[in-house]
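No experiment lies behind these values; they were computed from the predicted model shown. The first residue in the sequence is number 1, and the count goes up from there.
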Amino acid sequence: KGTSEQIMQDLIGSGNNTVKINLKDGDYDYNTSYGASGAITPLLSDTLKEKVRKQENVLDATFYYSRSTDNVYYKEKSFSGGTIYGIDERFLSTMGYKIQTGRNFIPYDYSHFSKVALLDSNAVQNLFPDEEPLGKTLEIGSEPFIIVGVVTSSSDSLPKINDISDFYTYFTSIMGSVMIPDRTWPVAYKFDEPQNAIVRADSTDTMSSVGKAVEDVMNTAVTNVEGKTNLKYKADDVMEKVKNMQKLSESTQQQLVWIAGISLLVGGIGVMNIMLVSVTERTKEIGLKKAIGARKNTILHQFLTEAAVLTSIGGLLGVALGIILSKIVSRVSGAPTAISVPAIVGSVVFSMVIGIVFGLLPSVKAANLNPIDALRSE
């Protein structure tokens, strides 16, 4: 369970639950750098955007423009490798950004097409390693934009980067982002471009269904020319990737189940031997009880109860020890752990069942003792 949760956090972060819906040209992301002015690009109306926000399980939605930052400069320094966004008023809240220094975009910036910009903390490190960015001027598409704020995102809402493939996947987020008001986007890039969307689902479990519902709504705005264009909006189904990766750990989990089963068998045999010893040591006690009227069922239930209580206490001690050791291992090695209440309840109940099953033979032996022979035993 801990490994599964770790996979999920590595791919989608924790507590964010955002789904990207990008315009695709066939199987690839639509690239505005190749014939953007000649393609039939979808225009998302305010009515359509509001319809997206009203979809079931959608907490918020933002619509934005984006490009690689191949034409963003500060003095002689080129900011390549990151991303520039044309954002609406909901972008920061939907994505979990907060203002670190300076200010956010205000309604005046949108209504008056202000040429202002926000940078995230990664972009600041790359563009202004030794300077204060606020008030500085960036050149974006040959137009000057004044930096008015720096934003940062919660570290636990970001995917984890564990290897080189993850690095290439999230390279643009490492390099940083520059953001300008979406109303000002045509000032920098001169022609209409399609918008993409990011929606925030109300839970991780609903991300896939939310993405599918939103892409269906947005595709109503797409017009294709037969034989020439193949544009469509498609959600980035991160949850499907999570499920595929979690399946890789199933074989390991099955091996652990078999190991646990063998351990239970060995433990059950131990319980049976202990109960047989207990019956042998208490032969006279059993004979006395039967002599004064105890029935077979009474003796049987007594020893079954003892076996069940014995293994239940062992199960509880095992759960407590397991929790403590898992916390220690997690702290020392960084390995993921998760405590599952259903698993705890199931393990204790199963421990009781083991006691009943393996305590049955000694209990039957005790119940079938002849009282005279039992009283004569030494």
Side-chain angles (χ1 to χ4, degrees), residues 1-8 204-205 243 246-333 335-371 373-375 377:
K1 183 176 175 66
T3 303
S4 295
E5 291 187 2
Q6 186 68 49
I7 290 172
M8 187 174 294
T204 303
D205 295 332
K243 292 175 183 177
Q246 287 174 339
K247 286 180 181 178
L248 297 177
S249 65
E250 286 184 0
S251 59
T252 303
Q253 182 179 352
Q254 292 172 358
Q255 291 175 6
L256 290 174
V257 170
W258 280 107
I259 293 171
I262 295 171
S263 301
L264 287 172
L265 177 62
V266 174
I269 294 172
V271 169
M272 183 167 59
N273 290 334
I274 291 295
M275 294 306 297
L276 284 171
V277 170
S278 177
V279 170
T280 302
E281 291 179 343
R282 297 160 65 185
T283 302
K284 283 189 176 182
E285 175 192 331
I286 296 169
L288 181 60
K289 287 183 176 181
K290 298 192 77 172
I292 62 176
R295 297 180 179 180
K296 281 187 177 183
N297 287 342
T298 304
I299 304 299
L300 181 67
H301 291 158
Q302 175 190 342
F303 281 91
L304 280 179
T305 302
E306 289 183 11
V309 170
L310 175 69
T311 52
S312 297
I313 293 174
L316 290 171
L317 291 174
V319 167
L321 186 62
I323 292 174
I324 294 171
L325 288 178
S326 68
K327 296 296 184 183
I328 294 174
V329 170
S330 179
R331 186 176 294 274
V332 172
S333 67
T337 60
I339 307 302
S340 171
V341 174
I344 290 174
V345 175
S347 62
V348 174
V349 171
F350 201 75
S351 297
M352 183 186 300
V353 172
I354 289 292
I356 294 173
V357 171
F358 285 92
L360 186 61
L361 177 62
S363 301
V364 171
K365 179 182 178 182
N368 289 330
L369 281 174
N370 186 296
D373 294 335
L375 287 171
S377 68

Contact summary for [X] and [Y], nearest pair of heavy atoms:
X: Ser351; Y: Gly315; answer: OG-CA, 3.6 Å
X: Gly359; Y: Ala307; answer: CA-CB, 4.0 Å
X: Val319; Y: Ser347; answer: CG2-OG, 3.6 Å

Open item on the list: Run Ile299 and Ser363 through side chain to side chain contact (heavy atoms under 4.5 Å, CB included) and show every step you take.
Closed with: CA-CA 7 Å; Ile299 304 299; Ser363 301; over 6 Å; no
TODO: Would you give the length of the straight line joining atom CG of Leu316 to atom CE of Met352, rounded to the nearest 0.5 angstrom?
DONE: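 Going from CG on Leu316 over to CE on Met352, the span is 8.5 Å.
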Open item on the list: Rounded at 0.5 Å granularity, tell me how far OG1 in Thr305 sits from CG in Leu310.
Closed with: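 Here the rounded value is 12.0 Å.
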Task: Sidechain-backbone polar pair: Thr298 side chain, Ala294 backbone, donor-acceptor under 3.5 Å - done: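 Looks like no, no N/O pair under 3.5 Å.
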Under 4.5 Å between any side-chain heavy atoms of [X] and [Y], yes or no?
X: Ile286; Y: Phe303; answer: yes
X: Leu360; Y: Ile356; answer: no
X: Ile344; Y: Ile323; answer: yes
X: Thr311; Y: Phe350; answer: no
X: Val277; Y: Asn273; answer: no

